[in-house]
Amino acid sequence: MVSFIEERPKNIAAGQNMVSDPKSAQKPPAPPGFISISRKKLLQNLEINAGARVNSWVDSMRASSPTHMKSAPSIADDQGSWNLNHPSALDMFEQIIDASKGKQIVMFLDYDGTLSPIVADPDRAFMSKKMRKTVRKLAKCFPTAIVSGRCRDKVYNFVKLAELYYAGSHGMDIKGPEKGSKSNKDTESVLFQPASEFLPMIDEVYKQLVETTKSTPGAKVENNKFCLSVHFRCVDEKKWSELAQQVKSVLKDYPKLRLTQGRKVLEIRPTIKWDKGKALEFLLESLGFANCTDVFPVYIGDDRTDEDAFKILRDRGQGFGILVSKFPKDTNASYSLQEPDEVMDFLRRLVEWKELSLRTQSRM
Ligand SMILES: O=P(O)(O)OC[C@H]1O[C@H](O[C@H]2O[C@H](CO)[C@@H](O)[C@H](O)[C@H]2O)[C@H](O)[C@@H](O)[C@@H]1O
């Protein structure tokens with residue numbers, strides 16, 4: 001049987017950086033006087049280290065805010081090499097189409113920041129009607145999946161298109177189009193939930209996080225079924241360290257959960273070997289493209305968690321990733337788009353190109 005349990009990453013995984021029991025860090029017995037001095041020192045060190053670790057969380061939280069990006073000349077330098085190395089997918093449209101010739105394009109779309117603009121209230125991140133219409137047309141041309149950190153039901157309620165594949169909770173909750181829907185007339189719908197054993201733990205941690213963080217104004221905990229989000233977009237920056245400490249205090253008792261970070265959000269999820277990249281591979285397999293060389297997957301996303309999918313495409317040497325960002329970022333994506341409106345333009349052009357090529361073929 002395949003095991004999904006992975007080693008906890010070294011950076012900011014839950015509890016990993018905290019020594020919860022200082023006694024366990026003590027080694028051989030020593031004379032009583034010596035023990036009390038070294039224990040005191042040890043505790044001081046632990047406090048300093050724990051403080052440093054919370055600071056590194058806060059640095060990481062700051063790094064997710066564009067207002068904390070580098071100075072202007074440095075941005076200009078970065079911008080130059082960024083444009084060179086990650087050109088606009090709109091400018092490169094013809095080259096992209098050329099590269100896909102003779103291959104089946106499969107589309108993977110992240111939701112927040114890709115199909116809908118980033119807003120302060122996560123419950124109001126609506127997708128425009130124009131975008132929905134575009135995605136509906138896109139799905140008629142190519143197999144299309146939504147891959148989101150949100151829980152599957154929630155992202156479905158925003159997108160509202162039954163003909164798509166959905167991978168919610170960072171890919172830990174995958175479902176294909178319903179049997180009988182436009183894009184699935186006959187086959188049973190796929191359903192894959194590799195983290196279901198974690199559900200009770202996630203619910204427990206959700207309740208604890210709501211309770212622990214309620215003293216921090218603006219903090220919001222979102223239950224995404226197989227993972228959780230602690231939003232700090234509306235938290236005063238002076239309180240970020242306090243919030244990080246609160247989250248850390250809850251997670252220290254849950255070594256099977258790890259913490260990653262998105263756009264002004266701390267994301268808590270099981271330590272299983274599963275992410276948006278694995279979800280992409282799973283979906284390609286479900287669609288019958290497991291070992292095909294004639295498939296061309298395109299993944300569009302704006303967040304750090306989308307990097308797992310960009311990396312898979314780069315490693316497979318198939319298709320490519322498009323990062324949605326106005327700022328230069330470290331990425332495994334090949335191209336860039338600045339914002340959801342540009343994503344919509346790109347998707348429209350793909351639809352137009354496909355419709356034109358189908359018309360041309362039917363005339364031949
Ligand atoms: O994988 P995604 O679909 O991009 O989901 C990642 C997180 O997206 C949501 O949060 C982000 O968008 C919110 C609405 O615009 C914004 O308020 C928040 O600051 C962003 O981080 C979602 O609410 C999270 O649960 C997802 O993890």
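In each ligand, atom 1 is the first atom listed, and ligand 1 is the first ligand listed. Values in this document were obtained by computation on a predicted structure and should not be read as measured data.
- Taking the charged nitrogens against the carboxylate oxygens, Asp110 and Arg150 have no contact shorter than 4.0 Å, which rules out a salt bridge.
- Among protein heavy atoms, the minimum distance from atom 8 (O) of ligand 1 is reached at Asp112 OD2, 3.1 Å.
- When hydrogens are left out, the protein atom nearest atom 10 (O) of ligand 1 is His231 CE1, 3.4 Å; that is the closest non-hydrogen contact.
- Here Val155 has no heavy atoms under 4.0 Å from ligand 1, in either its backbone or its side chain.
- Among His170, Lys276, Lys154, Lys264, the residue whose heavy atom lies nearest to atom 1 (O) of ligand 1 is Lys276.
- What sits closest to atom 27 (O) of ligand 1 on the protein, heavy atoms only, is Glu267 OE2, 2.7 Å.
- Comment: Arg269 does not engage Asp275 in a salt bridge, judged by the lack of any side-chain N to carboxylate O separation of less than 4.0 angstrom.
- Ligand 1 has no atom lying under 4.0 Å from any heavy atom of Arg124.
- Near Arg233, meaning under 4.0 Å from one of its heavy atoms, ligand 1 places the atoms 16 (C), 17 (O), 18 (C), 19 (O).
- Among protein heavy atoms, the minimum distance from atom 15 (O) of ligand 1 is reached at Val119 N, 2.8 Å.
- Under the 6.0 Å cut-off for aromatic ring centres, Phe296 and Phe320 qualify, their centroids lying closer than that.
- Close contacts of ligand 1 with Pro117, meaning ligand atoms under 4.0 Å from a residue heavy atom, involve 15 (O).
- With hydrogens left out, the protein atom closest to atom 3 (O) of ligand 1 is Ser148 OG, 2.7 Å, a heavy atom.
- Atoms of ligand 1 lying under 4.0 Å from any heavy atom of Val265, numbered from 1 in the order shown and given with element: 21 (O).
- Remark: distances from the non-hydrogen atoms of Ser116 to ligand 1 are all 4.0 Å or more.
- Regarding atom 20 (C) of ligand 1, its nearest protein heavy-atom neighbour is Arg263 O, 3.3 Å.
- Side-chain contact of Asn224 with Ser169: a donor-acceptor pair under 3.5 Å is absent, judged by distance alone.
- By the salt bridge (charged side-chain N to carboxylate O under 4.0 Å, His left out) test, Lys238 is found to be paired with no residue, residues two or more places apart in sequence or in another chain being considered.
- Using a cutoff of 4.0 Å between basic side-chain nitrogens and carboxylate oxygens, Asp315 and Lys311 are scored as salt-bridged.
- Closest to atom 23 (O) of ligand 1 among all protein heavy atoms lies Glu222 OE1, 2.6 Å.
- Against a heavy-atom cut-off of under 4.0 Å, Arg150 is close to the following atoms of ligand 1: 9 (C), 14 (C), 22 (C), 23 (O).
- Between Gly149 and ligand 1, a contact under 3.5 Å exists for at least one N or O pair.
- Between Glu281 and Arg316 there is a salt bridge, since at least one side-chain N of the basic residue sits less than 4.0 Å from a carboxylate O of the acidic one.
- Aromatic rings from Phe93 and Phe346 are positioned such that their centres are separated by under 6.0 Å.
- Contact check on Lys214 versus Glu211 returns a salt bridge, with a Lys/Arg side-chain nitrogen under 4.0 Å from an Asp/Glu carboxylate oxygen.
- The backbone N or O of Phe327 lies less than 3.5 Å from a partner atom in the side chain of Ser325, making a donor-acceptor pair.
- Closest to atom 2 (P) of ligand 1, if we only count protein heavy atoms, is Asp110 OD1, 2.9 Å.
- A cation-pi geometry, defined here as NZ or CZ lying under 6.0 Å from the six-membered ring centre and within 45° of its normal, does not hold between Arg152 and Tyr166.
- The closest approach between any non-hydrogen atom of Ala120 and ligand 1 is below 4.0 Å.
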